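What you are looking at is a predicted structure, and each value in this text was computed from that prediction instead of being measured.
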Amino acid sequence: MSVFKKFAGQTLIYGLSTIISRLLNFVLTPIFVRKFEASTYGIFTNMYSWAAMINAFLAFGMETTYFRYLQKVEEKDKSKVFNNSFVVTIFTSLIFLLTILIFSNDIAHWFAKENIDSVGQYKSYIYFVGLTLVVDALAVVPFAKVRANGRPLRYGVLKLVNIITFVILNLTFIVFIPYLLQHFPDTEPYFSSWYITHGWVMCLFLIL
């Protein structure tokens, strides 16, 4: 019975953290739709539709692989399983990052298509999305290790901190700063050098 309770408790923590992170997309989407024009939001949607597929490639199933081989080795060799899994993730991430850097101009032209004037902006978006995907991929195996070590609370806290940071940054960039600029013009010098120059889409990629 104790094993069942432990399993149920861990499943609840892991499940809730995942559900909350997914639920945020539905909660924040109305804010994005109201704040951004259709063309602007379309850039974000287009980029992240590709990011979802690339993310699966970068993770490379290393989380499942890690858990599978962890049960087949002795205790003294478990660190090797983590190291090997993490090295593979680093390798695939570096290949992806180099590909982005080398072919960023071609990728930007493909995304921009007929709107050639936006190629420069798309290159910046591609860099930010690519770096985000690499960071996410590198976090897969360490998070799997936390779960394998039977530390659901640590896993839940890390996920919760990530979620809270995500929400705060979204509200800051999309709601709070525009409110300050609109009602308190004297604050514009503090934001004009980076917020207005890069635009809202850039801020969206930075916080996501």
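- The environment of CH2 in W50 is sparse: at most 12 heavy-atom neighbours from other residues, nucleotides or ligands sit within 6.0 Å.
- Hydrophobic cluster membership differs between V146 and V157, with clusters built from Ile, Leu, Val, Met, Phe, Trp and Tyr side chains linked at under 4.5 angstrom.
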(Q) Applying side-chain contact (heavy atoms from CB on, under 4.5 Å) to V73 and K80, what does each step give before you reach the verdict? (A) CA-CA 9 Å; V73 299; K80 294 181 181 180; over 6 Å; no
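- Taking S93 as the reference, nothing meets the side-chain hydrogen bond (donor to acceptor under 3.5 Å, both in side chains) condition, with sequence neighbours excluded.
- A distance of 9.0 Å separates CG of N84 from OG of S79, quoted to the nearest 0.5 Å.
- Heavy atoms only, all atoms of each residue included: L58 and V134 are closest at CD1-N, 4.3 Å.
- Note on I102: it clusters hydrophobically with I126, by side-chain heavy-atom contacts below 4.5 Å among ILVMFWY residues.
- When all heavy atoms of F96 and G130 are compared, the closest pair comes out as CE2-O, 3.6 Å.
- Placement of I54 and Y125 within a single hydrophobic cluster is found when ILVMFWY residues are connected by side-chain heavy-atom separations under 4.5 Å, directly or transitively.
- Taken to the nearest 0.5 Å, the CG atom of L97 stands 5.0 Å off from the CG atom of L101.
- Expressed to the nearest 0.5 Å, how far OG1 of T187 lies from CG of L181 amounts to 5.0 Å.
- A side-chain donor-acceptor contact under 3.5 Å links N149 to the backbone of K145.
- Interatomic distance, F143 CZ to D136 CG, rounded to the nearest 0.5 Å: 9.5 Å.
- Screening residues 91-102 for salt bridge (Lys or Arg N to Asp or Glu O under 4.0 Å), with sequence neighbours left out, gives no hits.
- Put simply, F103 and M53 are part of the same group of oily side chains (I, L, V, M, F, W, Y) that touch within less than 4.5 Å, one to the next.
- Taking every heavy atom of both residues into account, A148 and Y66 meet most closely at CB-CE2, 3.9 Å.
- For the residue pair L133 and A51, the shortest heavy atom distance occurs at CD2-O, 3.5 Å.
- Once rounded to the nearest 0.5 Å, the distance linking CD1 of I107 with CD1 of I100 reads 4.0 Å.
- I164 CD1 to N162 CG: the interatomic distance, rounded to the nearest 0.5 Å, is 10.0 Å.
- Two residues are said to be in side-chain contact when any heavy atoms from C-beta on lie closer than 4.5 Å; E188 and L180 fail this criterion.
- One hydrophobic cluster holds both L94 and V88 under the rule that ILVMFWY side chains link at heavy-atom gaps under 4.5 Å.
- Residues satisfying the side-chain hydrogen bond (donor to acceptor under 3.5 Å, both in side chains) criterion with Y127, sequence neighbours excluded, are S104.
- In terms of heavy-atom proximity, A108 sits nearest to K123 at CB-CG, 3.4 Å.
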